[in-house]
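Beneath this line is the structure, given in structure tokens, with notes to follow.
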Amino acid sequence: MNIKVLYFARLRERFGISEEVLELPDSMAMVAMLLDVLRARGGEWAEALAAGQNFRVAVNQDMAAMNAPLEADDEVAIFPPVTGG
Amino acid sequence: MNIKVLYFARLRERFGISEEVLELPDSMAMVAMLLDVLRARGGEWAEALAAGQNFRVAVNQDMAAMNAPLEADDEVAIFPPVTGG
Amino acid sequence: MKISVQEADFDAGVEISALRAGNPQIGAVASFIGLVRDMNDGSRVAAMTLEHYPAMTHKALSAIVAEAEARWALLGCTVIHRVGALFPTDQIVLVAVASSHRADAFAACEFIMDYLKTQAPFWKKERTPEGERWVEPRVTDEQAQARWAE
Amino acid sequence: MKISVQEADFDAGVEISALRAGNPQIGAVASFIGLVRDMNDGSRVAAMTLEHYPAMTHKALSAIVAEAEARWALLGCTVIHRVGALFPTDQIVLVAVASSHRADAFAACEFIMDYLKTQAPFWKKERTPEGERWVEPRVTDEQAQARWAE
């Protein structure tokens, strides 16, 4: 299934990419598994998304936990803690 | 000594007077004693200023307690609890 | 600190702009506007008269703002309170507080309103279908002020 | 409920007037304006860029306002947040809340700001003499949000 992934702010700059479409096996339909796929790229990906790093995930524009399920064509965003206001 | 006394809002209406100058013996130099003089007038005065009635006193434009001292030419104001804002 | 007691209406936007003008240390402005409602304690209110104790009003408001400035790190404060005849939807009071951070601005603004409600010499008289009546103090206002005591 | 995410500046006075216009049930309007300071974490700030996640921003702000409306008796709410390039003394955000009584207006206004600070997808990048840097989240903002949890 295809998952659209967006990156914002410091993470967008570190990864050098703002948006991509990943094809995941249907068996990997969870936020934590998507993150494993990204970490497997190594380098900045492994470092910035390591357990204990301070980042947030939204699924279809709602804040989501690591065990949130994913479905085909979902939009997942990965970003640092927000600092508006 | 002379004490200027002001009345506001509901108390001004009940007493039918907004301002007067009282001559008090120097020995009665305390808010509580001024109030005794006023209560001695009877009628609305005795009723509205009775112990337990909800009114406030200011001396020289500062909120004051019953045992606050008075000096010649002080300005004492007697009024209901405030309701601005 | 700007304190005004006046019959005239005020422009809250102009006051807030003036309060923060030219000070780049200000990161937060909290403000409050109190308005005349057309209903109070179950009666329709057609109009209201705000009486005050002129010699004391400015002094009392200054003392309240000075106390707020002692408690929080403020960068400016404006308090405007109207007196005289007022009608539903009219503005009664503006409190605007500037600070570097929002927690100080919010706390000081609410503190000033709570003290103004119980310490500043204003009295409201409402005109209702049942006649004129003086507004009664609210227990909740006393409680709101009391929570700031250490 | 009015929610806007925009590059353009806003006129807080106009927004507050529009919020309360024509509703004589409104007795209280609490509002907050956040501004760009010229100093943050010990460095001078020459400019700032506010990035956001457009598809999510409006949805997140709407959810925060809806939660405030569920908790307090509100009669209107306006939230405006700017994005793009901003400079010291520029306005960043306006939150204005109307209610019958001041306690509800103050609480809801502060609640919305506290949640906006930790839940709405905005990120600030500052330009300082030492170069550009992303603003770090503050522990005090997390704590401010946490106190609203039951």
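- With a 4.5 Å cut-off on non-hydrogen atoms, D/D90 does not touch chain C at all.
- Ranked by non-hydrogen atom pairs under 4.5 Å with chain C, the options D/D11, D/V95, D/V97, D/D114 are led by D/D114.
- Looking only at heavy-atom pairs under 4.5 Å with chain C, the residue among D/A30, D/A103, D/G22, D/A21 that has the most is D/A30.
- When atom types are taken as modelled, the side chain of C/R20 and the backbone of D/T89 share a donor-acceptor pair closer than 3.5 angstrom.
- Other residues, nucleotides and ligands contribute over 12 non-hydrogen atoms within 6.0 Å of the CD atom of C/E130.
- Taking CG from D/N40 and OG from C/S100, the interatomic distance works out to 10.0 Å, rounded to the nearest 0.5 Å.
- Using a 4.5 Å cut-off between heavy atoms, D/V29 touches chain C through backbone and side chain atoms alike.
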Checklist entry - Should D/R37 and C/I26 be marked as a side-chain contact (heavy atoms from CB on, under 4.5 Å) after you check the CA-CA gap, both sets of side-chain angles, and the distance that decides it? => result CA-CA 6 Å; D/R37 292 184 298 136; C/I26 295 174; 6.0 Å; no
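- Only the side chain of C/Q91 has a heavy atom closer than 4.5 Å to any heavy atom of chain D.
- With respect to chain C, the highest number of heavy-atom pairs below 4.5 Å among D/D38, D/N23, D/V45 belongs to D/D38.
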Checklist entry - When you look at D/K117 and C/R102, which way does the side-chain contact (heavy atoms from CB on, under 4.5 Å) test go after all the steps? => result CA-CA 11 Å; D/K117 281 267 182 187; C/R102 77 182 185 287; 3.6 Å; yes
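- To the nearest 0.5 Å, atom OG of residue D/S31 and atom CD1 of residue C/I16 are 5.0 Å apart.
- In this structure, D/F106 has its ring center no closer than 6.0 Å to that of C/F106.
- Comparing C/G34, C/P88, C/A144, C/A28 by how many heavy-atom pairs each has under 4.5 Å with chain D, the most go to C/A28.
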